[in-house]
Amino acid sequence: MDVGIMVKRRKMSGRGRPRIRWGALTKDKDQELEGQLTVMGAWRSSGDANSMWSTTANYIREAVREMLGISMGVTSRHKGEWWWNEVVQGKVEAKKEAYRALRGSIGEGERRACMDRYKVARKEAKMAVTKAKTAAYSSYIDGVSDYQWCTWYWESQKKWNDQLSSSIHSKQQQQKTTINSNKTQQSDL
């Protein structure tokens with residue numbers, strides 16, 4: 001008797017949940033947003049705390065959606081590529097072309113020449129990526145206030161210290177267990 005199992009695969013939808021594009025928030029837009037919220041009266045809500053909170057949050061969401069826009073889910077770029085500029089894209093594309101030429105080379109002399117071009121293109125792409133990342137992150141860090149920076153720094157230090165103290169504590173527990181087992185073995189003799 002033949003038995004067939006039919007499995008239906010769900011089709012992945014092309015759209016995700018709409019999200020606010022917080023990455024587009026700059027100092028200028030921040031000041032403009034503050035002015036817009038003041039005009040809307042977001043800070044003048046009244047009533048109990050829950051209704052005040054939800055009213056103010058709704059005003060903020062509405063204003064931010066208008067100013068920054070919303071993303072409809074799937075993006076064509078990787079999350080780590082937000083700092084890419086035209087120079088980086090050109091260098092990476094040149095590196096890919098050099099690699100394709102290297103893969104398609106047939107003779108030993110042609111292969112050696114393609115390898116040299118690929119090495120140069122790879123170094124240029126790496127340098128362009130490093131420069132673009134440095135510029136992007138330094139401008140990002142300049143935009144972060146001192147309070148946010150200090151808060152992030154101390155929270156990361158606290159996490160690191162907690163991890164360190166927990167690992168030290170576990171090592172001490174292991175040592176105590178080993179010492180106690182050694183004492184027990186010696187007393188048995």
Side-chain angles (χ1 to χ4, degrees), residues 2-33 61 64-168 170-171:
D2 292 337
V3 176
I5 298 174
M6 193 170 194
V7 178
K8 289 185 178 181
R9 300 184 95 192
R10 282 186 161 180
K11 186 176 181 181
M12 296 288 288
S13 64
R15 296 212 177 261
R17 199 173 98 209
R19 297 179 186 193
I20 296 173
R21 294 182 181 168
W22 289 104
L25 184 63
T26 60
K27 287 182 181 180
D28 298 334
K29 287 185 180 179
D30 180 34
Q31 292 171 352
E32 186 181 335
L33 180 65
R61 280 190 205 103
V64 169
R65 281 188 184 123
E66 286 177 19
M67 185 167 300
L68 302 178
I70 54 174
S71 170
M72 293 305 288
V74 181
T75 177
S76 62
R77 292 173 49 148
H78 296 290
K79 289 183 179 180
E81 295 177 354
W82 62 269
W83 45 265
W84 281 38
N85 56 23
E86 293 80 24
V87 175
V88 173
Q89 290 174 353
K91 298 285 184 179
V92 169
E93 193 58 40
K95 182 189 90 155
K96 287 179 181 179
E97 285 296 323
Y99 184 73
R100 285 187 204 115
L102 174 65
R103 295 284 295 188
S105 60
I106 298 172
E108 188 62 33
E110 182 186 358
R111 185 169 179 77
R112 200 171 295 130
C114 289
M115 178 58 91
D116 292 339
R117 275 182 273 166
Y118 174 69
K119 284 182 180 180
V120 170
R122 187 175 62 192
K123 285 181 183 178
E124 288 176 356
K126 197 179 255 190
M127 289 301 296
V129 165
T130 303
K131 286 179 184 176
K133 263 189 176 180
T134 303
Y137 281 109
S138 66
S139 67
Y140 175 74
I141 289 172
D142 290 344
V144 174
S145 69
D146 291 337
Y147 174 75
Q148 290 171 325
W149 178 256
C150 290
T151 303
W152 172 82
Y153 176 77
W154 289 113
E155 285 176 359
S156 64
Q157 290 298 312
K158 185 176 184 283
K159 286 179 187 176
W160 184 79
N161 287 335
D162 290 346
Q163 291 172 353
L164 183 65
S165 64
S166 67
S167 67
I168 290 172
S170 64
K171 286 181 182 178

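Between the NZ atom in K126 and the NZ atom in K91 there is a gap of 15.0 Å [rounded to 0.5 Å]. Here the NZ atom belonging to K96 is positioned 11.0 Å from the OH atom belonging to Y118, to the nearest 0.5 angstrom. E110 CD to M115 CE: the interatomic distance, rounded to the nearest 0.5 Å, is 13.0 Å. Taken to the nearest 0.5 Å, the CG atom of L33 stands 10.0 Å off from the CD atom of E66.
Summarising the geometry of A128 relative to V88, their closest heavy-atom pair is O-CG2, 3.5 Å, with the distance given to 0.1 Å. The heavy-atom pair separating A121 from K95 by the smallest distance is CB-CA, 3.8 Å.
By the 4.5 Å heavy-atom criterion applied to side chains, M67 and E32 are counted as neighbours. Considering only heavy atoms from C-beta on, I70 stays 4.5 Å or farther from R19 through its side chain.
Heavy-atom contacts from other residues, nucleotides or ligands closer than 6.0 Å to NZ of K131 number 12 or fewer.
The only option from K119, R117, R111, R112 that meets the side-chain contact (heavy atoms from CB on, under 4.5 Å) definition with L102 turns out to be R111.
The pair R100-E97 meets the salt-bridge criterion, with a side-chain N (NZ, NE, NH1 or NH2) lying under 4.0 Å from an Asp/Glu carboxylate O.
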